[in-house]
There are 2 protein chains.
Amino acid sequence: MPAPKNPAAEKPGTPARGPRSRIQKRNRQIILDAALEVFSTHGFRGATLDQIAAQAGLSKPNLLYYFDSKDAIHRDLLTRLLDTWLDPLRMLDADGDPQTEIMAYMRRKLEMSRDFPRESRLFANEILQGAPRIEEFIRHDLRSLVDEKAQLLSDWSQAGRIARVDPYHLIFSIWALTQHYADFAAQIGMIRGDSHDPLDGAEPFLEQLYTRLLTP
Amino acid sequence: MPAPKNPAAEKPGTPARGPRSRIQKRNRQIILDAALEVFSTHGFRGATLDQIAAQAGLSKPNLLYYFDSKDAIHRDLLTRLLDTWLDPLRMLDADGDPQTEIMAYMRRKLEMSRDFPRESRLFANEILQGAPRIEEFIRHDLRSLVDEKAQLLSDWSQAGRIARVDPYHLIFSIWALTQHYADFAAQIGMIRGDSHDPLDGAEPFLEQLYTRLLTP
DNA sequence: ATCAAGTTTGACCATCCAGTCAAGAACCAT
DNA sequence: ATGGTTCTTGACTGGATGGTCAAACTTGAT
């Protein structure tokens, strides 16, 4: 009298906390990487499981052995992304030198565009669609962090340690300028030549820009 | 013996150059407006004809009476968009005062983000997906325009009429900073409060930023 | 009023796509 | 080697979606 299903061995997805075998770990990573590639360029609805499966070199049913659904893959990617998305801004240190700190923040964000352009595009896709899946994150985690750091920037500004600038727009400008190099890389490549690194020259330019903007 | 089809009266779409009746003109406009709304937030594949039909208050077959296909609607929107997308940069006048001209360009782009945020998001969606449908436009029209204006900026820079800046990154920075307010409006709204106008304070900030950047 | 052209739609079709399932293949502890 | 577990997949299903069509309705010139 066999049980209708193996009771303990559910889908490895959500219930089993950590991937057990080496195969699990490896394949889940392969799938997430393939899915990041596909979701970041086609958006959630524009991506198909077949595309992701092909990209991963696995069969579609095999994807669904490792993840409960297309949505679960996407959610997993977003969760991992958001975990680290705030870090650069979090590191803005109230005790450091204002200009140095802001410059370092800009540089960290630029590095993220260089090292994780697909993650940036995944995020951009989500925001473009009205951020339905990460609304809570933005309204709470991101908002409170931004409010806190804007206050810090405002204090620095008041104290004359940086020029008088609107702190929110200062933060938005860093987001816009750095993420642009990841999100619009296709356009930049077509304009400057595809062999050209889109980020070439970006850092000196942004350093010049923010030095001039922030110096009191 | 009626002809199997009315021979001259094809689909009003491509063949008939201009919409004839008042109804044609009105409904095509309604459809394009609805489609812009839906495509700009969901992307091409994420949008459905049913969504567009509902938004337009028309039936799905009726959409397809006015346009040959989903793709035709999208193509029409993009074509109309690209027609005007270059205008702000085109207006950058070699005979004007450099700082005034660049500032005016920035302001025109910011106005476009204010007045046509959906068009900006439609464009952003297209670029995020690797610009498959507008690659030719970018590689030829946009690229040659940017090259030309970059040369102009470079000349101004060499002549000491503006600070020494990388002309390409200067242009990209204007794109990034202005389009961000349209493309990431959802995020800005969630951070600053949805009742708050996302663009509030943007113009003074950008004026300050570019004044400081460009003054020699 | 009449009728031909233009407009609208319910019903339908073919394809695509997320997700299922049962059977088979690979793995691994003994 | 053996047997239970984990992994893999071909074949399938149900629903969504782009697009068709013929029949009906509306419009406007006469």
Side-chain angles (χ1 to χ4, degrees), chain A residues 1-16 18-31 34-35 38-39 42-77, chain B residues 1-31 34-35 38-39 42-76:
Chain A
M1 56 199 72
K5 305 268 166 175
N6 35 2
E10 284 284 332
K11 279 273 180 65
T14 318
R20 287 166 171 73
S21 71
R22 207 164 299 128
I23 297 180
Q24 284 262 342
K25 201 163 189 171
R26 186 179 121 271
N27 279 357
R28 284 180 71 95
Q29 194 47 55
I30 288 176
I31 292 169
V38 178
F39 281 137
H42 297 297
F44 179 75
R45 296 217 33 195
T48 72
L49 284 179
D50 289 290
Q51 263 179 296
I52 298 172
Q55 177 81 25
L58 298 173
S59 68
K60 180 169 61 169
N62 209 1
L63 293 199
L64 293 163
Y65 173 74
Y66 290 102
F67 291 89
D68 286 339
S69 64
K70 179 184 180 183
D71 204 76
I73 304 177
H74 191 254
R75 198 165 28 244
D76 198 310
L77 280 174
Chain B
M1 57 197 70
K5 305 267 165 175
N6 35 1
E10 284 283 332
K11 279 273 181 65
T14 316
R17 216 46 199 118
R20 287 165 171 74
S21 71
R22 206 164 301 127
I23 296 181
Q24 286 262 342
K25 200 162 190 172
R26 186 179 121 269
N27 280 355
R28 285 179 70 96
Q29 195 47 56
I30 287 176
I31 291 169
V38 177
F39 281 136
H42 298 299
F44 179 74
R45 297 215 36 197
T48 73
L49 284 180
D50 289 290
Q51 262 180 296
I52 298 172
Q55 177 80 25
L58 299 172
S59 68
K60 181 169 61 170
N62 208 2
L63 294 198
L64 294 162
Y65 172 74
Y66 289 103
F67 290 89
D68 287 338
S69 63
K70 179 185 179 182
D71 204 76
I73 303 177
H74 190 254
R75 197 163 32 245
D76 199 310

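Since we're looking at a predicted model, the values are computed, not measured. Numbers restart at 1 for each chain; the letters A, B, ... are given by sequence-line order, proteins then strands.
Note on B:R45: every side-chain N or O is 4.0 Å or more away from OP1 and OP2 of D:dT17. Listed pair B:Q24 / C:dT7 meets the phosphate criterion, a side-chain N or O lying under 4.0 Å from OP1 or OP2.
Between B:I73 atom CD1 and D:dT17 atom P the separation is 15 Å, expressed in whole Å. Put simply, CZ on B:F39 is 11 Å from C1' on D:dG18, counting in whole angstrom units. B:L64 places its CG atom 11 Å from the C1' atom of D:dT17, with the value rounded to the nearest Å.
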Atom pairs and distances, donor-acceptor, side-chain atoms in residues 47-56 of chain B, under 3.5 Å, two or more places apart:
unit_1, atom_1, unit_2, atom_2, d
B:T48, OG1, B:Q51, N, 3.0
B:Q51, OE1, B:T48, N, 3.2
B:Q51, NE2, B:H42, NE2, 3.2

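Ring orientation note: the planes of A:F39 and A:H74 are nearly perpendicular, at an angle over 60° on the 30°/60° scale.
A 4.5 Å side-chain heavy-atom check between A:Y65 and A:Q24 finds at least one atom pair inside the cut-off.
By the salt bridge (Lys or Arg N to Asp or Glu O under 4.0 Å) test, B:R26 pairs with no residue at all, sequence neighbours left out. Residues satisfying the side chain to side chain donor-acceptor pair (under 3.5 Å) criterion with B:R75, sequence neighbours excluded, are B:D71.
Within residues 46-56 of chain B, the residues approaching DNA chain D are B:A47, B:T48, B:L49, by heavy-atom distance under 4.0 Å.
Considering all non-hydrogen atoms of both residues, B:N62 and B:L58 come closest at ND2-CD2, 3.9 Å. Contact detail for A:K70 and A:F44: the closest heavy-atom pair is NZ-O, 3.0 Å.
Taking OH from A:Y66 and CD1 from A:I31, the interatomic distance works out to 7.0 Å, rounded to the nearest 0.5 Å.
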Grab the N/O contacts between the protein and nucleotides 8-10 of chain C below 3.5 Å, and write none if there aren't any.
unit_1, atom_1, unit_2, atom_2, d
C:dT8, OP1, B:N27, ND2, 3.3
C:dT8, OP2, B:N27, ND2, 3.1
C:dT8, OP2, B:N62, OD1, 3.2
C:dT8, OP2, B:N62, ND2, 3.3
C:dT8, OP2, B:Y66, OH, 2.5
C:dT8, O5', B:N62, ND2, 3.2
C:dT9, OP2, B:S59, OG, 3.1

